[in-house]
Trainee: 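Please find one structure pasted underneath; my questions will follow.
Any value given below was found using the heavy atoms of this structure, including those in side chains, with hydrogens, waters and symmetry copies removed.
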Amino acid sequence: MFVMKKKVSVIGAGNVGATTAQLIVQSGLADVMLFDVVEGMPQGKDLDLAEACPLWNSSTIIRGTNRYEDTADSDLIVVTAGLARKPGMSRSDLLHANADILRGVCNAIAKTSPHAVIIIVTNPMDVMAQLAWKTTEFSCKKVMGMGGILDASRLAAFLAWEMNVSPEDIEALVLGGHGDDMVPLPRFTTVKGIPLTELFSKRKIDSLIERTRNGGAEIVAFLKSGSAYYAPAASTFQMVRSILLDEKRMLPCTAYLNGEYGIKDIYVGVPVILGKEGVERIVEVKLTKEEKSQFKKSCESVRKLVKNLGI
Ligand code: NAI
């Protein structure tokens with residue numbers, strides 16, 4: 001049977017955008033249009049990636065561009081355009097500058113790719129996802145954000161090092177906003193099915209959670225300019241794959257809550273089923289009183305930023 005390749009546009013050809021493009025092209029999953037406002041930069045990266053395709057045995061097409069027309073009729077759009085954190089900055093320090101960028105990007109993609117699914121990566125990501133949904137006026141199922149997969153992967157990595165086990169045997173779950181109040185859930189983080197709460201003392205668990213919450217800042221402090229991008233791109237790629245291949249994976253992503261978890265009218269991180277329609281279902285897990293209050297606190301931090309933007 002003849003299957004047409006899907007078209008993915010990556011808006012923002014910086015560290016996260018170009019690395020996400022690399023993973024898509026290398027896997028042969030879809031053709032990629034790499035967009036940036038900086039002239040020449042996406043074209044240079046496109047050539048470099050295209051010249052690697054013979055080595056990856058990939059027949060996908062990658063193009064770099066500064067024109068939105070070239071991204072037209074994308075099936076999926078990944079938005080990484082914007083400023084990244086510098087040492088000492090929190091994700092929310094980027095709010096207004098990145099909101100201006102996001103509005104422009106979303107107005108353009110709503111016109112040129114009206115049927116696309118959109119994954120927002122730009123920080124502060126939960127609020128940017130909400131802004132993208134409002135600006136494009138797409139169905140909330142089609143607009144989502146990447147954060148929980150990355151936070152869970154960081155927790156899984158720290159746990160694997162701590163126990164000296166393969167990360168393959170670890171499943172981690174982090175809910176809430178992708179910010180300092182994120183809610184890593186030890187009860188639902190398991191090593192071959194054994195919950196973290198059975199394996200470690202509360203003190204040890206607290207220190208793993210703390211390192212997870214600071215995972216992004218820890219890398220920013222080393223890099224000095226720029227922030228993490230290998231794990232963020234790998235996390236975004238998991239979402240891209242689940243949507244394009246209609247895998248229906250259950251992944252922690254930022255989605256619009258309309259009463260689920262007792263929260264209304266904000267985008268925040270929860271487990272969702274990701275398939276060809278986008279966020280096909282939100283999965284509600286029963287939280288303890290303490291988990292609920294942490295989740296609520298995290299939602300309030302996101303809501304504050306949403307109000308600050310006036311959306
Ligand atoms: P970067 O600085 O390497 O790349 C950003 C790119 O956006 C630059 O190439 C820049 O020219 C481009 N850009 C700026 N304005 C634009 C516009 N109007 N249209 C199109 N492109 C535009 O930054 P990096 O490291 O790739 O990070 C990108 C964003 O992703 C940042 O906001 C960062 O905080 C966020 N991020 C989010 C993560 C998450 O878990 N959600 C994880 C890592 C980064």
Side-chain angles (χ1 to χ4, degrees), residues 6-24 30 32-38 41-42 45 64-85 91 94-150 178 227-229 232-244 253-256 267 269 274 278-279 305-306 309 311:
K6 300 278 186 183
K7 176 174 178 180
V8 176
S9 290
V10 178
I11 313 296
N15 285 335
V16 182
T19 312
T20 303
Q22 179 194 336
L23 292 172
I24 297 171
V32 176
M33 193 57 75
L34 189 57
F35 176 99
D36 205 285
V37 282
V38 178
M41 190 263 265
K45 292 194 180 183
T65 185
N66 309 112
R67 302 179 334 151
Y68 273 104
E69 302 93 273
D70 296 329
T71 70
D73 298 321
S74 295
D75 298 286
L76 197 154
I77 297 185
V78 176
V79 180
T80 71
L83 309 179
R85 282 196 281 173
R91 293 176 180 91
L94 304 168
L95 183 66
H96 290 284
N98 281 352
D100 287 346
I101 292 172
L102 251 281
R103 278 195 193 93
V105 169
C106 290
N107 277 322
I109 59 184
K111 278 195 207 112
T112 43
S113 293
H115 305 295
V117 170
I118 303 177
I119 300 174
I120 301 294
V121 178
T122 305
N123 274 320
M125 180 276 295
D126 307 270
V127 196
M128 293 300 128
Q130 184 134 1
L131 180 63
W133 170 60
K134 290 254 162 140
T135 310
T136 56
E137 297 182 348
F138 285 9
S139 151
C140 60
K141 283 180 177 248
K142 299 251 179 186
V143 182
M144 69 206 76
M146 186 290 290
I149 300 174
L150 172 63
H178 178 59
S227 57
Y229 55 99
S235 308
T236 308
F237 179 67
Q238 253 196 358
M239 294 174 70
V240 169
R241 206 185 132 94
S242 190
I243 294 164
L244 293 185
C253 301
T254 281
Y256 180 71
Y267 268 81
L274 273 193
V279 174
L305 296 180
V306 169
L309 268 194
I311 53 171

Trainee: Hey, is NZ on Lys6 packed in by over 12 heavy atoms from elsewhere, all under 6.0 Å?
Mentor: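 No - once you tally the heavy atoms of other residues, nucleotides and ligands closer than 6.0 Å, there are 12 at most.
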Trainee: Roughly how far, to the nearest 0.5 Å, is the CE atom of Met144 from the CE atom of Met146?
Mentor: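 It comes to 13.0 Å.
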Trainee: Has Thr80 got a side-chain atom pairing as donor or acceptor with Thr122's backbone, closer than 3.5 angstrom?
Mentor: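 Looks like no, no N/O pair under 3.5 Å.
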Trainee: Would the Trp133 and Tyr256 ring centres measure less than 6.0 Å apart?
Mentor: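 Yes; Tyr256 has its ring centre under 6.0 Å from that of Trp133.
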Trainee: Considering non-hydrogen atoms only, spot the tightest contact between Ala132 and Leu102 and give its length.
Mentor: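 Heavy atoms only, the tightest pair is CB-CD1, 4.3 Å.
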Trainee: Can a side-chain donor-acceptor contact be found between Asp126 and Thr254 if the only test is distance below 3.5 angstrom?
Mentor: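 Yes, a side-chain donor-acceptor pair sits under 3.5 Å.
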Trainee: Less than 4.5 Å apart, side chain to side chain, heavy atoms only: is that true for Met33 and Val10?
Mentor: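 With C-beta onward as the side chain, the pair stays apart.
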Trainee: Checking Asp70 side chain against Thr65 main chain: does a donor-acceptor pair fall under 3.5 Å?
Mentor: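 Checked: no pair found.
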Trainee: Heavy atoms, side chains only, cut-off 4.5 Å: are Phe237 and Ile24 in contact?
Mentor: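 Yes, side chains in contact.
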Trainee: Which atom pair, heavy atoms only, marks the closest approach of Val16 to Ala228?
Mentor: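 So the minimum-distance heavy-atom pair works out to CG2-O, 3.9 Å.
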Trainee: Atom CG of Leu274 and atom CD1 of Ile119: how far apart are they, to the nearest 0.5 Å?
Mentor: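 These two atoms lie 7.5 Å from each other.
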Trainee: For Ser227, does its backbone N or O pair with a side-chain atom of Asn15 as donor and acceptor, under 3.5 Å?
Mentor: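 Flag not set: sc Asn15 to bb Ser227 has no pair under 3.5 Å.
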Trainee: Whether the side chain of Asp75 engages the backbone of Ala116 through a donor-acceptor N/O pair (distance < 3.5 Å, no angle test) should be reported.
Mentor: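 Pair absent, no side-chain N/O of Asp75 close to backbone of Ala116.
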Trainee: Quick one: does any side-chain atom of Asn98 pair with a main-chain N or O of Leu83 as donor and acceptor, under 3.5 Å?
Mentor: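 Answer holds: yes.
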Trainee: Output yes when a side-chain donor or acceptor of Ser74 lies under 3.5 Å from a complementary backbone atom of Thr71, and no otherwise.
Mentor: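 Confirmed, Ser74 side chain pairs with Thr71 backbone.
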